[in-house]
Amino acid sequence: MDVRGKTVLVTGGNTGIGRAISMDFASHGANVCIGYFAYEEEADSAVKEMKKMGVEAKAYPVDISKEEQVIQLIHDVAKDFGSLNVLINCAGRTHVVAHPDLYGMKSEYWDDIFGVNVKGTFFCCREAKPYLENDGGVIVNITSTGGLNGLGSSIAYSASKAAEINMTRSLARVFAPAVRVLGVAPGFVSTQFVAGQEARGAKNASETCMKRLAEPKDIADVVGSLVYGNDILTGINVVVDGGRVF
C-alpha cells in the first residue's frame, strides 16, 4: 500500500512505540490521527511535529475500553479526514503484579487490562472495518511476547496479549480479503514506561541474539514493512525482540 495521502489512526500514538509508529507514517506522507487516553501534552506535541512534515494530523482523547467512545472516535476520524485506510492498535493497559502474587492480581485489574487490550482492540477493529474495506485497508495490532511466553508485567497482561494474538488471527479470516489484519509482538522495549528497570532491560538484552533491546523505531520499521512493504501477509504475529522469543 502506498500510504501517501492515506489516513492512519494510531491508538496510543502519542508516546513510546505508538509515537514512533505515528512519526514513521507521517514521514512516508500519511495523514495521522492519534487516539490517546493520557499525556495530552505529548499528543499535542506529536501533532505539531507531524504537521511540520507537511501532512495533516489530529489527536482525539478516547478510552477505547468504552464502546461508545470508540464508535465516536472512528466516526470523527472519518468525518474529519474523509477516510480511514490503516488502523494501528497500540493503546494498551497493564498493572504490574509479580506472577507469584496470585491475590495481588485483583479482579479489577483483570477487568481493566482486558477492557483495553482485548475488548478495546476489538471495538476499534469492528468500527474501522467498513472504512478500511473500501480501499484494501490494513490493521496492525501491537501485541507482546508476553502473549507467547506467559511472562511480562502481570499474568493478566500476558493473558490479554495471548487473547489479542488469537483475535488477530480470527479477524484476519473474517475481514479477508478486503482488509489485512496482523500482529506485531515487541519484547522489552526502551521507552519512558520502563524507566528504573535498567537491570531487567540489561538481562533481557543479554538473552537476545542481537544483544540489544529493541527501540521504538525498530517496532515502527516492522509495522511499516507490514503495511506498505507488501500486500499479501495477513493473520501473522511478528515477534520483534532481537531473537529472544521464538
Could you check if a side-chain atom of I155 sits within less than 4.5 angstrom of a side-chain atom of W110, using non-hydrogen atoms only? yes

Does a sphere of radius 6.0 Å around CD in E41 hold more than 12 heavy atoms from other residues, nucleotides or ligands, not counting ones at 6.0 Å or beyond? no

Between the side chains of R244 and N204, does any donor sit under 3.5 Å from an acceptor? yes

Rounded distance (nearest 0.5 Å) linking atom CZ of F37 with atom OG1 of T11: 13.0 Å

Which heavy atom in G201 sits nearest to a heavy atom in L213, and how many Å separate them? O-CD2, 3.4 Å

Examine K129 relative to F175 and say whether NZ or CZ is less than 6.0 Å from the centre of the six-membered ring and inside a 45° cone about the ring axis. yes

Any side-chain to backbone donor/acceptor pair from Q69 onto D63? Under 3.5 Å, distance only. yes

Between the side chain of S144 and the main-chain N/O of A185, is any donor-acceptor distance below 3.5 Å? no

Of all heavy-atom pairs linking V118 and M167, the shortest is O-CE, 3.5 Å

Tell me whether S225 contacts the main-chain N or O of G229 through its side chain, where contact means a donor paired with an acceptor under 3.5 Å. no

Polar contact flag, side-chain donor to acceptor under 3.5 angstrom, T143-N141: no

Using modelled atom types only, decide if a donor and an acceptor are shared between the side chain of R169 and the backbone of E164 within a distance under 3.5 Å. no

Scanning both residues in full, the closest heavy-atom pair of M50 with I34 reads CE-CD1, 3.6 Å

Salt bridge present between K6 and D135 (N-O < 4.0 angstrom): yes

Just wondering, more than 12 heavy atoms not from K211 lying within 6.0 Å of its NZ? yes

How about Y157 and S154: do any of their side-chain heavy atoms sit closer than 4.5 Å? yes

Please answer whether the main-chain N or O of Y39 pairs with a side-chain N or O of N14 as donor and acceptor at a distance below 3.5 Å. yes

Parallel, tilted or perpendicular: ring planes of Y228 versus F25, cut at 30 and 60 degrees: perpendicular

Taking atom CD of E133 as the centre, does the number of heavy atoms from other residues, nucleotides or ligands within less than 6.0 Å exceed 12? yes

Any cation-pi pair here, R19 with Y36, using under 6.0 Å and within 45°? no

Could you check if a side-chain atom of V184 sits within less than 4.5 angstrom of a side-chain atom of N237, using non-hydrogen atoms only? no

Please determine, by modelled atom types, if Y60 and D80 share a side-chain donor-acceptor pair under 3.5 angstrom. yes

Should I17 and P186 count as side-chain neighbours, where that means a heavy-atom distance under 4.5 Å? yes

Under 6.0 Å from the CZ atom of R4, do we count more than 12 heavy atoms belonging to anything else shown? no

Please confirm whether the backbone N or O of G13 pairs with a side-chain atom of S22, one donor and one acceptor, at under 3.5 Å? yes

